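See below for the structure under consideration.
We use all heavy atoms of the structure for the numbers below, so side chains are in, but hydrogens, waters and symmetry mates are not. Since we're looking at a predicted model, the values are computed, not measured.
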Amino acid sequence: MNRMYALIGIGLIGAGFTAAQADPTTYHLSQDRYIASGNAALEEGRLEDALTSFRKAVKKNITARELR
């Protein structure tokens with residue numbers, strides 16, 4: 001019985017089912033203010049302001065996994 005559990009454990013680890021590889025999901029309940037201001041600036045043709053807003057949104061919403 002212990003041998004069976006060992007084989008299952010090795011199989012799961014080999015398949016990549018480890019806690020370190022968990023993929024967290026983020027749900028936003030409202031639109032990000034930086035994305036909203038970036039979209040508004042983009043529609044008005046203010047490209048530099050749009051770029052600044054979008055960069056702030058990316059910095060704010062980046063996860064630890066994406067930083068690697």
Side-chain angles (χ1 to χ4, degrees):
M1 188 62 112
N2 288 336
R3 186 175 183 186
M4 183 177 71
Y5 289 130
L7 290 174
I8 290 171
I10 291 170
L12 289 174
I13 291 170
F17 294 107
T18 61
Q21 292 179 343
D23 187 21
T25 303
T26 302
Y27 297 99
H28 298 277
L29 300 177
S30 62
Q31 185 178 23
D32 186 277
R33 67 182 174 137
Y34 293 120
I35 292 175
S37 66
N39 285 335
L42 193 60
E43 287 176 8
E44 295 170 7
R46 297 180 291 122
L47 301 181
E48 290 296 323
D49 293 338
L51 183 60
T52 300
S53 294
F54 290 139
R55 283 185 176 153
K56 287 179 182 179
V58 168
K59 283 182 183 178
K60 182 180 123 190
N61 292 317
I62 199 161
T63 64
R65 181 178 180 215
E66 294 166 329
L67 285 173
R68 289 189 253 155

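What you find for Ser53 and Ser37 is that their closest heavy atoms are OG-OG, 3.1 Å. In plain terms, the two heavy atoms of Ile35 and Ala57 that are nearest each other are CG1-CB, 3.7 Å. When all heavy atoms are compared, the tightest approach of Gly38 to Ala50 is O-CB, 3.5 Å.
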Criterion side chain to side chain contact (heavy atoms under 4.5 Å, CB included) on Asn39 and Phe54, from CA distance to verdict: CA-CA 8 Å; Asn39 285 335; Phe54 290 139; 3.4 Å; yes
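Not counting sequence neighbours, the partners of Arg46 by the salt bridge (Lys or Arg N to Asp or Glu O under 4.0 Å) test are Glu44, Asp49. By the salt bridge (Lys or Arg N to Asp or Glu O under 4.0 Å) test, Glu43 is found to be paired with no residue, residues two or more places apart in sequence or in another chain being considered.
Once rounded to the nearest 0.5 Å, the distance linking OG1 of Thr52 with CG of Leu47 reads 10.5 Å. Atoms NZ and OH, on Lys59 and Tyr34 in that order, are 10.5 Å from each other to the nearest 0.5 Å.
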